[in-house]
Amino acid sequence: MELTSRSVSRTAIVSTALAAALGATLLVTTAANAATTLGGAAAQTGRYFGAAIAAGKLGDSTYVNILNREFSMVTAENEMKWDATEPNRGQFNYTNGDRVLNQALNNGKRVRGHALLWHQQQPGWAQGLSGSTLRSAAINHVTQVATHYRGKVYAWDVVNEAFADGSSGGRRDSNLQRTGNDWIEAAFRAARAADPGAKLCYNDYNTDGINAKSTGVYNMVRDFKSRGVPIDCVGLQSHLTNSPPGDYQANIQRFADLGVDVQITELDIAGSNQANGFAAVTKACLAVARCTGITVWGIRDSDSWRTGENPLLFDGSGNKKAAYTSVLNALNAGGTTVPGGDPGTTTTTTTTTTTPPDPGSGDCTASVSLNAWNGGFVATVKVAAGSSALNGWKVTTSLPSGTTVTGSWSASRSGDTGTVTWSNVDYNGSVAAGGSTEFGFQGTGSGDGLSPTCAAA
Ligand code: 9MR
């Protein structure tokens, strides 16, 4: 058919009408599928959305209504801690812990137990103990409390906040630490024996980005996994101001790559960028398959431990804040995006592409799994030994022009653009014949076509 100006204009009209009709249909579909609560929206992504609650507030109907409507996971803010559950040595009190547990279970929610051992909120009698007496009292506490809640909690924060702030990357000094460096693994083993069905987590703050403290935790988790110490998850508390760190998603990813789940366990965000910050946290978790859920540390601003900072999703009267809407929208959008990116204009996808193992020198092969979005990516590189063991390895990647590495883990690198070489670090140079190890990095730009090659070093 000859394309006349008349037929063009008619076609345009038809197209516009079609687009309008389609648009309307899409809107209706989206509205029908979008969940209207945090727990419901998170469930559509296979995750939970939880809140820390206080037994003393369960008589407040505004509070309970929001709790029952919005959240699918519950943490006792204080009621399952050592001072609450074992006020006198060997005498256990589960009254308030059970109130929180039953409120959750009776309303179809799950429970994250918090926390079996911590240097704070110890009963006075434990604060006065040391050495082997404290060790056995601590392990008995783990055993008794985890046994009481056996089969009823989804996860336990077995140990809370055991690493030091600052650049050391080491353990925090505490009475528990002074019983010997193995106190954490002893606690995890006791918890597993007492409740084999609960996921066992290590939980900490200021471990949200890649830093010395989170790397200390990372090294401990890697060590536990390599020695068979039972650990299933890592909690990033995420008490934040304005935004998560830029490498938040990469940090979540590197823990996930160790073979543990990651949970955002105590989220609250102060500051004027709060709504965007909550969206960025939510999207980062959604971008990592093993990030299994998010818990906010309180319901209304007036319930928060951060008095005057208003860091939560509901105001003091129980009204939904802008931060609430931004979390709900991020959950309903599903998929992934770049933390801190502009949710209004960024179209995002998660793709996992694995390049075929390179034929290499026969010593080793390298393959890459990519989690990419518009403008950035996290690459996880698997280094596999051939028929001989490796005692060191070197991987070379070719980054497309315009691409820059912004952070990396489990390897040392030669640069951040162009051809980058990656060498093993002290703990992952030895790879058994037929075995493998992984390192990873985050970058801006495109992660396509990295074509890693591997050689023994
Ligand atoms: O929110 C809790 C507050 O009510 C307690 O007074 C405080 C005691 O130290 O603990 C708060 O919860 C903490 C959590 O158990 C561990 N991470 C930090 C939390 C905020 O301080």
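Basis for what follows: all heavy atoms, side chains included, without hydrogens, waters or symmetry-related copies. If you read the sequence from its start, that first residue is 1, and numbering goes on from there.
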With sequence neighbours excluded, give me every disulfide (SG to SG under 2.5 Å) pair touching residues 250-329.
C285-C291
Pairs in or reaching into residues 82-133: which pass disulfide (SG to SG under 2.5 Å), with residues at least two apart or in two chains?
none
Side chains of [X] and [Y]: does their closest heavy-atom pair fall under 4.5 Å?
{"X": "D232", "Y": "V260", "value": "no"}
{"X": "V405", "Y": "T417", "value": "no"}
{"X": "I53", "Y": "V100", "value": "yes"}
{"X": "T295", "Y": "I264", "value": "no"}
{"X": "E266", "Y": "N203", "value": "yes"}
{"X": "V158", "Y": "L117", "value": "no"}
{"X": "I231", "Y": "L200", "value": "no"}
{"X": "W422", "Y": "V381", "value": "no"}

Side chain to side chain contact (heavy atoms under 4.5 Å, CB included) between W305 and N78, worked out
CA-CA 11 Å; W305 68 294; N78 290 298; over 6 Å; no
Would K321 count as a cation-pi partner of F278, with NZ or CZ less than 6.0 Å from the six-membered ring centre and within 45° of the ring normal?
no
Looking at F163, does the NZ or CZ of R172 lie under 6.0 angstrom from its six-membered ring centre and within 45 degrees of the ring axis?
no
Between W82 and the options W118, F92, W125, the ring-ring contact (aromatic ring centres under 6.0 Å, His included) test singles out W125
Classify the ring geometry between Y94 and H148 as parallel (under 30°), tilted (30 to 60°) or perpendicular (over 60°).
parallel
Have [X] and [Y] got a donor and an acceptor in their side chains that come within less than 3.5 Å?
{"X": "T215", "Y": "R254", "result": "yes"}
{"X": "N329", "Y": "N332", "result": "no"}
{"X": "T37", "Y": "E70", "result": "no"}
{"X": "N65", "Y": "Y63", "result": "no"}

Could you pull out the closest heavy-atom pair between [X] and [Y], with the gap in Å?
{"X": "V262", "Y": "A256", "value": "CG2-N, 3.9 Å"}
{"X": "A162", "Y": "D204", "value": "N-OD2, 3.6 Å"}
{"X": "V420", "Y": "D416", "value": "CG2-C, 4.2 Å"}
{"X": "C201", "Y": "A155", "value": "SG-CB, 4.1 Å"}
{"X": "N68", "Y": "Q103", "value": "OD1-NE2, 3.1 Å"}
{"X": "V395", "Y": "P452", "value": "CG1-CB, 3.9 Å"}

Nearest 0.5 angstrom please: [X] [atom1] to [Y] [atom2], how far?
{"X": "L267", "Y": "T282", "atom1": "CG", "atom2": "OG1", "result": "7.0 Å"}
{"X": "Q44", "Y": "L331", "atom1": "CD", "atom2": "CG", "result": "9.5 Å"}
{"X": "S214", "Y": "Y248", "atom1": "OG", "atom2": "OH", "result": "12.0 Å"}
{"X": "D60", "Y": "D303", "atom1": "CG", "atom2": "CG", "result": "7.5 Å"}
{"X": "W297", "Y": "S304", "atom1": "CH2", "atom2": "OG", "result": "11.0 Å"}
{"X": "N107", "Y": "L67", "atom1": "CG", "atom2": "CG", "result": "7.0 Å"}

I'd like to know if the side chain of [X] reaches the main chain of [Y], judged simply by a donor and an acceptor atom lying under 3.5 Å from each other, with no hydrogens or angles considered.
{"X": "S317", "Y": "N319", "answer": "no"}
{"X": "N96", "Y": "A55", "answer": "no"}
{"X": "R112", "Y": "V74", "answer": "no"}
{"X": "K199", "Y": "W156", "answer": "no"}
{"X": "T147", "Y": "T143", "answer": "yes"}
{"X": "N140", "Y": "S136", "answer": "no"}
{"X": "Q274", "Y": "N310", "answer": "yes"}
{"X": "R306", "Y": "D268", "answer": "yes"}
{"X": "E86", "Y": "G90", "answer": "yes"}
{"X": "T404", "Y": "T444", "answer": "no"}

List the steps, then state whether side chain to side chain contact (heavy atoms under 4.5 Å, CB included) holds for V153 with L101.
CA-CA 8 Å; V153 299; L101 180 96; 4.1 Å; yes
Passes side chain to side chain donor-acceptor pair (under 3.5 Å), S238 versus D208? Steps please.
CA-CA 6 Å; S238 303; D208 310 309; 3.2 Å; yes
Quick check on side-chain contact (heavy atoms from CB on, under 4.5 Å): which of N160, T85, V142 does L116 satisfy it with?
V142
Under the side-chain contact (heavy atoms from CB on, under 4.5 Å) test against H114, which residue among E77, M80, K81 passes?
K81
Between [X] and [Y], does any side-chain N to carboxylate O distance fall below 4.0 Å?
{"X": "D261", "Y": "R290", "value": "yes"}
{"X": "R300", "Y": "D315", "value": "no"}
{"X": "R135", "Y": "D182", "value": "yes"}

Candidate pair L312 and I299, rule side chain to side chain contact (heavy atoms under 4.5 Å, CB included), full reasoning
CA-CA 7 Å; L312 293 172; I299 294 181; 5.9 Å; no
What verdict does the side chain to side chain contact (heavy atoms under 4.5 Å, CB included) test give for Y202 and F188, after you've listed the backbone C-alpha separation in whole Å, the side-chain angles of each residue and the deciding distance to 0.1 Å?
CA-CA 9 Å; Y202 176 80; F188 274 81; 4.0 Å; yes
A quick test of your reading: do over 12 heavy atoms of other residues, nucleotides or ligands sit less than 6.0 Å from NZ of K109?
yes
Side chain to side chain donor-acceptor pair (under 3.5 Å) between Q237 and T265: does it pass, once the steps are laid out?
CA-CA 5 Å; Q237 292 185 9; T265 52; 5.6 Å; no
Side chain to side chain donor-acceptor pair (under 3.5 Å) assessment of N175 paired with Q127:
CA-CA 7 Å; N175 59 346; Q127 293 175 35; over 6 Å; no
Restricting to ring pair (Phe, Tyr, Trp, His ring centres under 6.0 Å), what partner residues turn up for W183, sequence neighbours left out?
none
Mind running side chain to side chain donor-acceptor pair (under 3.5 Å) on Y218 and N251 for me, showing each step along the way?
CA-CA 9 Å; Y218 176 88; N251 193 40; over 6 Å; no
